[in-house]
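Just the heavy atoms: all of them, side chains too, but no hydrogens, waters or symmetry mates, feed the values below.
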Amino acid sequence: MRTGTVKFFNESKGYGFITDDENGKDIFVHATGLKAESLNEGDKVTFEEEEGRKGKVAAQVVVIED
């Protein structure tokens with residue numbers, strides 16, 4: 001499991017990006033990869049990294065509750 005911070009998520013388009021805490025790189029996230037109901041900018045999350053059609057994508061995304 002990796003951790004990161006939601007950089008951007010567009011609810012109407014169903015995608016966004018998470019900044020990986022480990023390497024500082026952004027990873028694409030699609031609404032189909034969410035276990036959470038929605039994501040907001042600044043949310044801390046855990047996720048799995050998977051190979052998508054165009055590169056790495058975040059899957060099994062869960063918001064970490066404070």
Side-chain angles (χ1 to χ4, degrees):
M1 236 354 137
R2 300 180 88 121
T3 60
T5 304
V6 177
K7 181 175 185 177
F8 157 82
F9 191 78
N10 185 315
E11 286 282 335
S12 63
K13 294 184 179 180
Y15 72 89
F17 292 91
I18 295 170
T19 302
D20 190 323
D21 286 344
E22 187 176 306
N23 60 23
K25 294 183 179 180
D26 291 341
I27 185 167
F28 181 80
V29 59
H30 190 268
T32 57
L34 301 182
K35 286 189 129 182
E37 294 211 7
S38 67
L39 296 178
N40 297 304
E41 185 177 324
D43 282 350
K44 293 295 266 178
V45 295
T46 61
F47 64 95
E48 295 287 338
E49 189 175 291
E50 294 181 353
E51 194 64 41
R53 291 186 326 190
K54 297 182 179 180
K56 301 285 186 192
V57 297
Q60 308 295 319
V61 180
V62 177
V63 175
I64 300 169
E65 301 295 330
D66 290 333

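- With sequence neighbours left out, Glu41 forms a side chain to side chain contact (heavy atoms under 4.5 Å, CB included) with no residue at all.
- With rounding to the nearest 0.5 angstrom, the CG atom of Asn23 is 7.5 Å from the CD atom of Glu49.
- Every ring-ring contact (aromatic ring centres under 6.0 Å, His included) that Phe28 has, sequence neighbours left out, goes to Tyr15, Phe17.
- For the atom pair CD (Glu51) and CZ (Arg53), the distance works out to 12.5 Å, reported to the nearest 0.5 Å.
- In this structure, Val45 belongs to a hydrophobic cluster whose other members, linked by side-chain heavy atoms under 4.5 Å apart, are Val6, Phe9, Ile18, Ile27, Val29, Leu34, Leu39, Phe47, Val61, Val63.
- When all heavy atoms of Glu11 and Ser38 are compared, the pair lying nearest together is OE2-CB, 2.8 Å.
- Atoms CD and CZ, from Glu48 and Arg2 in turn, are 9.5 Å apart once rounded to the nearest 0.5 Å.
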